[in-house]
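All residue numbers refer to positions in the sequence shown, counting from 1. Excluded from the calculations below are hydrogen atoms, water molecules and symmetry mates; all remaining heavy atoms, backbone and side chain alike, are included.
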Amino acid sequence: MLDTTQPSLALLTDLYQLTMAAAYHASGMEATDACFHLFFRNSPFGGGYAIACGLEQAIDYLDGLRFTKADIAYLAERTGNDGRPLFGQEFLGWLAELQFCLDVDAIPEGTAVFPREPLLRVSGPIVQCQLVETALLNAVNFQTLVATKASRVCLAAAGDSVVEFGLRRAQGPDGGLSASRAAYVGGCVGTSNTLAGARFGIPVSGTHAHSWVMAWDTELEAFEAYAEALPNNCTFVVDTYDSLEGARHAVEIGRKLREQGHEMIGVRIDSGDLAWLSKRVREILDEGGFAEAHIVASNELDEHLITSLKDQGAAIDMWGVGTKLATAWDQPALGGVYKLSAVRPDGEAAWTPRVKVSEQTAKVTTPGVLGVRRYRREDGSLSGDMVWDVTRPPSGEVTMIDPADSTRCKRFAADATSEELLVPVFRAGRLVYERPAIAQVRDRATASLASLDPSITRFLNPHTYPVGLEKSVNDVRTELVLKARGLAENPGK
């Protein structure tokens, strides 16, 4: 997570945000309002959904954001290709006095979200909207990715406990903290990361490594010494030499613990044929009188390997997932983007929609000041998400159109159950959102997944959840695209 003890995070941005800010200022456009939306185009990991995460970090970044004297001094030393200062003194002076006054709306963390719907809406002076782009993408992209991966791992575990073990393989301290938090949001019961536990209130978990066993002459001595030192934290790693013999040694020490009024938690297997070994270890534990002892598995696990082990009948009831969770192993980036969708010159009341046109249909943006309305069926399951323009609220029965195929549409009755996903977070730069406890965010993620049809959460060829544009938004989008391509006035061109 961001080190918010630092005096300023304003420079946590790409240089081109600052050069554009200088150009907006020089052009007299600093008072022009703009509306940007943050969204992703494809669900990660080949899946059918994502779990929104990273808003807490975004709030930490935005709350009290300012340029310090040190920030301004650094920028004053940047030069262009002619060796002269890149930024003029007038602009730097203006930047030093800048007070952020943005409106920010967001989908709460832990919500199941889908491609092409805004996770954040940022509006206000265009310079300010531009300056916060990079940091917002950094916060939301990575944590949404890891929270989604964690949810998939937990789905595969089918009710078994999953603990995140990824700090040592994560992308630096900040990546490790962010991953631990996002993994907990996504459904993990805890983390090995003690700093994440202290900072975010996440339960921490851990016992000993192979090195502990190797430091003693025998495995039995190692287990016994650990039990004497920490009798209330005994999960023995049994695969340093021979997993089955290690399980027998764990039973022997477990009996001594029981005589002293303590109970062995279980054993961990970190190598070998986990399916076969876990069944044999389960037999040893049960025969030794430890039917309640857990078998924890680790070793490069992900949702696919856990699913395979489950299918093989592995006797594993806790999973330690590290590298492939904390690094979002098979998809290194979410691909979230932040796009301008409307402008409002100083003094004007109405917003003017804007669209980005591309040779790639998927990269054509949606114009307007957008909201997301989620419809539900009578049983509470999700029916579809409609993107609409909050400056033109639809009434009565509404029609939602697939932006990729305008012949596909879905209608919702005027009295259909629905909810607005984007909620106010900042108004004129002031935080108005009541931050939930992380356990509440985790509960929301659990409930969100439960509301999805299993066809959407399956790993192989998931069903596409319906997300579309309210008809008037789709009409404006089509009109602007045709205009941008020079076809609006000459349809036969």
Main chain of [Y], side chain of [X]: is a donor-acceptor contact present, judged purely on distance under 3.5 Å?
X	Y	value
Ser178	Gly175	no
Gln128	Gln99	yes
Thr144	Cys53	yes
Thr365	Lys356	yes
Ser151	Gly186	no
Asp103	Ala428	yes
Gln440	Ala437	yes
Ser308	His304	no
Glu470	Ser472	yes

Trace of the side-chain contact (heavy atoms from CB on, under 4.5 Å) decision for Thr366 with His37:
CA-CA 9 Å; Thr366 302; His37 297 92; over 6 Å; no
**Asked** Distance only, no hydrogens: is a donor on one side chain within 3.5 Å (strictly under) of an acceptor on the other, for Asp475 and Thr478?
**Response**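 On atom types as modelled, these side chains do not qualify, holding no pair under 3.5 Å.
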[X] [atom1]: over 12 foreign heavy atoms closer than 6.0 Å:
X	atom1	result
Glu90	CD	no
Trp94	CH2	yes
Arg168	CZ	no
Lys471	NZ	no
Arg458	CZ	yes
Glu419	CD	yes
Asn81	CG	no

Locate the shortest heavy-atom distance separating [X] from [Y]; write the atom from each residue and the value.
X	Y	answer
Ala484	Val357	CB-CG2, 3.6 Å
Val163	Ser205	CG1-CB, 4.1 Å
Val132	Tyr61	CA-OH, 3.6 Å
Thr13	Gln17	OG1-CG, 3.1 Å
Ala10	Arg66	CB-O, 3.2 Å
Ser451	Ser448	OG-O, 2.6 Å

Sequence neighbours left out, what pairs pass salt bridge (charged side-chain N to carboxylate O under 4.0 Å, His left out) with at least one residue falling in residues 11-34?
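Those involving residues 11-34 are Asp33-Arg344.
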| said: Give me each pair satisfying salt bridge (charged side-chain N to carboxylate O under 4.0 Å, His left out) with a member in residues 104-117, each pair once, sequence neighbours excluded. | reply: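 Sorted result for residues 104-117: Asp105-Arg121, Asp105-Arg427, Glu109-Arg181, Glu117-Arg374.
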Q) How long is the gap from OG1 on Thr111 to CG on Leu55, to the nearest 0.5 Å? A)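 So the OG1 of Thr111 and the CG of Leu55 are separated by 9.5 Å.
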Can you tell whether the side chains of Arg477 and Asp389 come within less than 4.0 Å, N to carboxylate O?
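Salt bridge: no.
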Check your understanding: Does the distance from a Lys or Arg side-chain N to an Asp or Glu carboxylate O, for Glu303 and Lys149, drop under 4.0 Å?
Key ->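 Counted as a salt bridge, because a side-chain N and a carboxylate O are separated by less than 4.0 Å.
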With [X] via side-chain contact (heavy atoms from CB on, under 4.5 Å) - residues at least two apart:
X	result
Ala170	Ala326
Asp453	Ser455, Ile456
Leu86	Leu15, Thr19, Arg78

**OP:** Test side-chain contact (heavy atoms from CB on, under 4.5 Å) on Phe67 and Phe100 and set out the steps.
**Re:** CA-CA 10 Å; Phe67 286 89; Phe100 282 85; 4.3 Å; yes
Within a strict 4.5 Å, meaning less than it, do heavy atoms of the Cys101 and Pro125 side chains meet?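 Cys101 vs Pro125: side chains touch.
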Q) Do Leu95 and Phe87 touch side chain to side chain, with heavy atoms closer than 4.5 Å? A)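 Contact flag for Leu95/Phe87 side chains = no.
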Could you walk me through whether Ile59 and Phe426 satisfy the side-chain contact (heavy atoms from CB on, under 4.5 Å) test, starting with their C-alpha distance in whole Å, then the side-chain angles of each, then the deciding distance to 0.1 Å, before giving a yes or no? CA-CA 9 Å; Ile59 290 172; Phe426 285 90; 4.2 Å; yes
Can you check side-chain contact (heavy atoms from CB on, under 4.5 Å) on Tyr16 and Glu133, steps first, answer last?
CA-CA 11 Å; Tyr16 84 153; Glu133 172 183 357; 4.0 Å; yes
Next item on the list: Quick one: list whatever passes salt bridge (Lys or Arg N to Asp or Glu O under 4.0 Å) with Arg169, sequence neighbours left out.
Entry: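 In terms of salt bridge (Lys or Arg N to Asp or Glu O under 4.0 Å), with neighbours along the sequence ignored, Arg169 is linked to Glu300.
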